[in-house]
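Shown next, in structure tokens, is the structure this report addresses.
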Number of protein chains: 2
Amino acid sequence: MARAPTTSDVFNAIAEPGRRLIIELLSQRGNLAVGTLVVALGMTQPTVSKHLGVLRKVGVVSVTKLGQQRVYRLEAERLKVVHDWAKQFEQHWSHQLDRIKERAERKARSQRV
Amino acid sequence: MARAPTTSDVFNAIAEPGRRLIIELLSQRGNLAVGTLVVALGMTQPTVSKHLGVLRKVGVVSVTKLGQQRVYRLEAERLKVVHDWAKQFEQHWSHQLDRIKERAERKARSQRV
DNA sequence: TTGATATATTCCGATAACGGAATATAATGG
DNA sequence: CCATTATATTCCGTTATCGGAATATATCAA
């Protein structure tokens with residue numbers, strides 16, 4: 001068997017740096033037309049359209065026609081699965097923080113002498 | 001220009017479903033030797049080794065020699081960047097929840113009449 | 001040393017993904 | 001209808017990626 005088709009789930013959609021930028025921009029500036037993304041990101045129009053196509057296929061964005069423009073909207077709930085997946089490892093780095101905090105407190109106590 | 005090399009950052013490393021499984025397993029069961037992963041995941045040994053190679057390159061796992069075994073350990077902090085990235089969109093879906101809650105409360109009030 | 005076990009690496013072949021260039025499609029204005 | 005603007009799609013070349021099979025490397029045990 002060969003490589004599995006990947007651009008079909010959210011994790012792969014966000015693997016592309018350019019696509020992450022698109023997502024961030026839509027989050028910060030609200031719904032945007034393709035042209036706006038093109039100038040804001042300095043990418044080619046076809047490149048942006050293709051990235052948007054991937055994001056749309058996965059449901060991370062949706063489109064609305066507005067005259068001759070296509071306005072893209074972030075469907076952020078689709079990113080929740082990523083957040084939740086990563087969150088399950090939170091314990092690891094928070095434990096790490098605990099240990100650091102503990103050490104700091106021990107040090108503070110010893111200096112208080 | 002052609003496709004950009006991707007298996008060099010965390011987001012791409014976790015784009016592969018099999019690699020996510022490896023990460024989850026290491027998180028749940030602690031440090032594991034390659035062979036354990038192989039039987040637990042039902043993947044081929046070379047496949048597992050290659051996935052581990054990618055994860056190691058990105059720093060998501062580290063290795064220790066133990067006899068003829070290689071014990072892999074999850075370096076979960078490396079996943080924090082993913083968590084943080086996704087977290088920045090939390091507002092969107094929590095707002096959504098607010099709206100749902102609000103609607104439910106309105107409905108409850110109206111029925112209370 | 002020799003043989004077995006554990007793991008990594010290499011060499012495929014198939015296919016997916018990316019960017020660029022050109023082109024197609026759609027909508028608007030005149 | 002025609003030209004223009006906005007966007008999508010297609011085609012192409014290059015490179016990455018994945019799994020499988022075979023092989024290399026390392027370590028242990030006798």
Side-chain angles (χ1 to χ4, degrees), chain A residues 1-23 25-26 29 31-74, chain B residues 1-23 25-26 29 31-74:
Chain A
M1 223 183 295
R3 182 189 202 179
T6 47
T7 314
S8 39
D9 79 305
V10 182
F11 283 93
N12 212 284
I14 65 165
E16 231 287 328
R19 287 196 288 261
R20 286 202 298 279
L21 289 177
I22 291 179
I23 291 172
L25 217 53
L26 288 174
R29 299 172 44 176
N31 306 349
L32 295 176
V34 179
T36 311
L37 289 165
V38 169
V39 306
L41 298 171
M43 302 188 210
T44 309
Q45 177 266 310
T47 297
V48 171
S49 279
K50 278 182 257 184
H51 281 324
L52 287 169
V54 172
L55 295 174
R56 194 182 1 146
K57 192 151 89 179
V58 174
V60 171
V61 302
S62 58
V63 212
T64 314
K65 293 188 186 181
L66 183 66
Q68 47 196 145
Q69 309 194 350
R70 307 294 135 125
V71 178
Y72 281 83
R73 167 187 174 75
L74 180 63
Chain B
M1 223 183 292
R3 184 189 202 179
T6 47
T7 314
S8 37
D9 78 306
V10 183
F11 284 93
N12 211 283
I14 66 166
E16 231 287 329
R19 286 196 288 261
R20 286 202 298 279
L21 288 178
I22 291 178
I23 291 172
L25 216 54
L26 288 175
R29 298 173 44 176
N31 307 349
L32 296 176
V34 179
T36 310
L37 290 165
V38 169
V39 306
L41 298 171
M43 302 186 209
T44 308
Q45 178 265 309
T47 296
V48 171
S49 278
K50 277 182 259 185
H51 281 324
L52 287 169
V54 172
L55 294 174
R56 196 183 359 147
K57 192 150 88 179
V58 175
V60 171
V61 302
S62 58
V63 213
T64 315
K65 293 188 186 181
L66 184 66
Q68 48 196 145
Q69 310 194 352
R70 306 295 137 124
V71 178
Y72 281 82
R73 167 187 174 76
L74 180 63

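Note on naming: letters A, B, ... go to the chains in the order of the sequence lines (proteins, then strands), and numbering restarts at 1 for each one.
A side-chain donor-acceptor contact under 3.5 Å links E16(A) to the backbone of G18(A).
Residue Q45(B) places no side-chain atom within donor-acceptor reach of the base of dA6(C), judged by atom type and a 3.5 Å distance cut-off alone.
Residue I14(A) contributes atom CD1, which lies 13 Å from atom P of dC18(C) at whole-angstrom precision. Atom CZ in R20(A) sits roughly 12 Å away from atom P in dC18(C) (whole-Å rounding). As rounded to whole Å, 15 Å separates atom C1' of dA17(C) from atom CD of E16(B). One atom, CG of L52(A), and another, P of dA8(D), lie 7 Å apart when rounded to the nearest Å. In this structure, CG of L55(A) is placed 14 Å from C1' of dA17(C), rounded to the nearest angstrom. The CZ atom of F11(B) sits 15 Å away from the P atom of dC18(C) (whole-angstrom rounding). Rounded to whole Å, atom P of dC18(C) lies 12 Å from atom CG of D9(B). In this structure, L41(A) places its CG atom 16 Å from C1' of dT7(D), rounding to the nearest Å.
The side chain of T44(B) contributes an N or O atom lying less than 4.0 Å from OP1 or OP2 of dG20(D). Between H51(A) and dC18(C) there is no side-chain N or O to OP1 or OP2 distance below 4.0 Å. OP1 or OP2 of dA8(C) lies within a sub-4.0 Å distance of a side-chain N or O belonging to Y72(B).
Closest to the side chain of Q68(A), from the set dA6(C), dA26(C), dT9(C), is dA26(C). Taking only side-chain atoms of S49(A), from C-beta outward, the nucleotide of dC18(C), dT9(D), dA8(C) with the closest atom is dT9(D). When distances run from any side-chain atom of P46(A) to the nucleotides dG20(D), dT9(D), dT7(C), the shortest one goes to dT9(D).
For the pair L37(A)/L52(A), a side-chain contact is recorded, criterion being any heavy-atom separation below 4.5 Å from C-beta on. Contact annotation: the side chain of K50(A) never approaches that of V54(A) to less than 4.5 Å [non-hydrogen atoms, C-beta and beyond]. Taking 4.5 Å as the limit, some side-chain heavy atom of R19(B) sits within range of a side-chain heavy atom of L55(B). Between N12(A) and D9(A) the shortest side-chain heavy-atom distance falls below 4.5 Å.
Within 4.0 Å of K65(A), counting heavy atoms only, lie sugar-phosphate atoms of the nucleic acid but no base atom. At a threshold of 4.0 angstrom between heavy atoms, the contacts of Q69(A) are confined to the sugar-phosphate backbone, with no base atom among them.
Residue-to-nucleotide proximity on DNA chain D shows that, of R70(A) and K50(A), the 5′-proximal contact is made by R70(A). Mapped onto DNA chain C by nearest heavy atom, L66(A) and T47(A) fall at different nucleotides, with T47(A) at the one closer to the 5' end.
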